Amino acid sequence: MTQLNPRQKEAVLYIDGPCLVLAGAGSGKTSVITRKIAYLIEQCDIPARHIAALTFTNKAAREMKERASKLVKGSASRGLTVSTFHNLGLNIIRREHKSLGFKPGFSIFDSEDARSLLKDLMMKDGDLDSDHLDLVQHQISNWKNDLIIPARALSVAQSPGEQAIALIYQRYNQALRAYNAVDFDDLILIPVELFQTNAEVLQRWQRKIRYLLVDEYQDTNSSQYLLVQLIVGNRGALTVVGDDDQSIYAWRGARPENMSLLKQDYPSLRVIKLEQNYRSTSRILRVANHLIANNPHDFDKALWSEMGLGDPIRVLRCKNEDAEAERVATEILTQRLRKQYKFRDFAILYRGNHQARLLEMKLQQHQIPYKISGGSSFFAKTEIKDVMAYLRLIVNPDDDNAFLRIINTPRRQIGTSTLEALGGYASERHISLFAALDELGLQSRIPEKNLERLQRFAHWIKQVTRNCGGDRPVDAIREMLNDIDYEGWLHQNSASSKAAEKRMENVFYLVESLQKTIDKNSSDEDEGEESRIEDAVAKLVLRDMMERQEEEDLSDQVQLMTLHASKGLEFPHVFMVGMEEELLPHRNSIEDNNIEEERRLTYVGITRAQRTLTMTLAGKRKQFGEMSETTPSRFLDELPVDDVEWEGFGEQSPEKNLAKGEETLANLLNLFD
DNA sequence: AATCCTGGAGTTTTT
DNA sequence: CTCCAGGATT
């Protein structure tokens, strides 16, 4: 698609003011962004280092950067910023860390670290029991995303409960400061606060970023939008691309209304719709349009394509979940044989990860190769968390969380009572655990033997840190892993030696990534002296620079993933399973009256399909131990009758019966059972 | 430190 | 039912 259509062209060429590109599914939005970047560099003479494009995932950023560099002649794209919001935030904090009061090498707490910190804080005074842990964490994150500082949270708290959470919020932020650490939300929030209070710094960044592009704009939260506004200022040098119908992350803070807000905040906003779809058949788009028409819209949009009418959408009702999974497996086998499709042409999409279990079983039984994406990530693995904790402690000795994670990994015979004494001493003096180890006052608190062990550890870590300051920091890390015989520790703590080897491989992979990141950073002339292990560790926490071998492209496997994970992808033949009330829409969304987002999720699933789409459901499903009747998803009722083939619903299509009046699909089905 | 027991929940997930 | 966390027990 080297030739842009008129709408796309308009979106690329319009640079006289803020621009909102309403990019429907499969309408070539990435082409628009990358072509616009090329246009800005080559035709508008804006140097690449003054252009920034923001995405939500590292993967998207990587792809976009690659595509943009290919479009731009020679090396003119050098210095271009294509990064995630969080990565940009990290860069800002790093560059401005002095005025923000952070020491270099500050830590980034992931959700798990944040959780364990909160747990500690809540234990100390039994205000709240640990049941509330998730609630508290969520609330604090919400506050941060909404730019509400602890003091404000305290003053607007509606109930004693909220008041208590606000207090924890306050202490949580103080603790982060003490640990020289920030959490993920801070990566956006802190730059925003900095820009709001420091005009000089803001101006510097505004001069740096002369044109800003934002991808998946409907997924921005309030603080992210504010960051965008601050950077853009009144210059209007902004292009955002998004699709309100594909907003499926409201539950984690996304504010799809940011799309409409844009129009208010920038009255001169130019809105450009991309409605031509280059992915799917007309049938599929008709079904998608018909379904999403049931949602209210600020911007109307109807997808169309020139890909031909295509096959009708099939909706298959199976006896139970087992039959459903079985049916999907046999469908894949027969279609592959009859039509010469590849396994990789098929995707099976579901609402919840647990739905993959049965499917996985059936695919195995039929010897169908498959790949499940999502699930436990590389960084959730204990060996990776362990090594990361070592890295973090080396880079930031005040990171108590990292300290506690590794102090006994491997065993150093340092018990809880010793650590409690150390912790007490440290918190009285408002210093970190590691810093406390240097103090003489400890002798009265901790038995000599234990203190000796602690100090031996501290001494050793300091040595490793010094070694890391040399030419070959990664060698120092390798040596450190040797010192502690981490491989031996893994063998002791793994089910089999095979598992241990696998885990050690992961560790080596991490170390290699560290090396790569350091190499890459020092070749990016931009950074200068500070491009050392500190930056590399921070980037790794953000999961940047982790190029997992994309074996999926090479091998012929059926793709299994959640509907959420499928956003942005496309497949020739798509199965959407579990099209039932309580599953899709999910039970909780029904309770919270969140049907619209579930509808969008369904819309996302439908628009993944290029050529055929098959929806399945089970008449009965085992849940929570007992078999129960299911109700077909209300979204099935919202599909256009003429484009759908029904199977397993009895003689008549369900719509005809529905049209009669009160009769629902549910009680109709009861007649046939 | 390892294991067992009990209770409660049971979506989606990136950074 | 099945999985987890957390606590108690050994």
Side-chain angles (χ1 to χ4, degrees), chain A residues 54-61 83-91 93 108-116 119 123 129-131 133-135 137-138 141 144-145 182-189 215-216 219-221 223-224 227 246-254 321 349-358 373-380 408-411 413-416 492-493 538-546 561-568 578 580 582-592 594 597-598 600-602 604-605 621-628:
Chain A
L54 298 180
T55 63
F56 280 89
T57 65
N58 289 308
K59 193 175 163 216
S83 81
T84 60
F85 272 94
H86 295 268
N87 223 317
L88 175 70
L90 170 65
N91 282 330
I93 298 175
I108 301 168
F109 274 27
D110 66 18
S111 346
E112 228 176 288
D113 298 314
R115 199 187 136 93
S116 85
K119 199 167 142 191
M123 294 293 221
D129 51 85
S130 57
D131 290 0
L133 192 53
D134 290 321
L135 179 83
Q137 190 173 13
H138 196 217
S141 178
K144 288 195 174 189
N145 288 156
V182 298
D183 67 17
F184 282 142
D185 299 320
D186 286 341
L187 289 173
I188 314 296
L189 181 63
D215 189 23
E216 303 280 14
D219 289 340
T220 52
N221 62 33
S223 58
Q224 284 158 345
L227 184 63
Q246 291 188 70
S247 159
I248 53 175
Y249 287 113
W251 54 273
R252 66 175 199 214
E321 56 195 331
L349 309 181
Y350 36 80
R351 177 66 233 256
N353 282 119
H354 65 276
Q355 289 172 271
R357 281 169 179 276
L358 237 192
S373 33
S376 62
S377 86
F378 184 74
F379 281 89
N408 264 323
T409 307
R411 299 275 153 240
Q413 297 164 53
I414 295 164
T416 42
Q492 261 175 46
N493 289 283
K539 287 227 162 122
L540 284 173
V541 175
L542 285 187
R543 289 126 208 245
D544 199 4
M545 308 288 173
M546 296 291 300
M561 67 190 77
T562 62
L563 287 162
H564 282 92
S566 76
K567 197 172 80 155
E580 299 148 31
E582 312 249 284
L583 253 183
L584 183 65
H586 192 271
R587 145 176 338 93
N588 298 358
S589 304
I590 299 173
E591 278 171 25
D592 306 347
N594 246 358
E597 182 145 315
E598 297 289 299
R600 291 193 289 267
L601 196 51
T602 310
V604 166
R621 185 177 293 273
K622 193 161 49 181
Q623 49 187 354
F624 309 149
E626 59 189 308
M627 202 62 123
S628 58

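Just the heavy atoms: all of them, side chains too, but no hydrogens, waters or symmetry mates, feed the values below. A quick note: this is a predicted structure, and the numbers were derived from the prediction, not measured. Residue numbers begin at 1 in each chain, while the letters A, B, ... track the order of the sequences.
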Counting heavy atoms from C-beta on, name the nucleotide in [options] closest to the side chain of [X].
X	options	result
A:S589	B:dT11, B:dT13, B:dT15	B:dT11
A:F624	C:dC3, B:dT11, C:dC1	C:dC1
A:N588	B:dT11, B:dT15, B:dT13	B:dT11
A:Y249	B:dT13, B:dT15, C:dC3	B:dT13
A:H86	B:dA1, B:dT12, B:dT15	B:dT15
A:R115	C:dG6, B:dT12, B:dT15	C:dG6
A:R252	B:dT14, B:dT15, C:dC3	B:dT14
A:D592	B:dT15, B:dT11, B:dA1	B:dT11

Look at the side chain of A:R543 against the base of B:dT15 and say whether a donor-acceptor pair falls under 3.5 Å; ignore hydrogens and angles. no
Would you kindly check whether a donor in the side chain of A:T562 faces an acceptor in the base of B:dT13, or vice versa, at under 3.5 angstrom?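 Under the 3.5 Å cut-off, the side chain and the base do not form any donor-acceptor pair.
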Grab the CG-P distance between A:N353 and C:dC4 for me, whole Å please. 12 Å
Protein-nucleotide distance (A:H586, atom NE2; B:dT11, atom C1'), rounded to Å: 4 Å
Aromatic ring centroids of A:H564 and A:W251 under 6.0 Å?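 Centroid separation for A:H564 and A:W251: below 6.0 Å.
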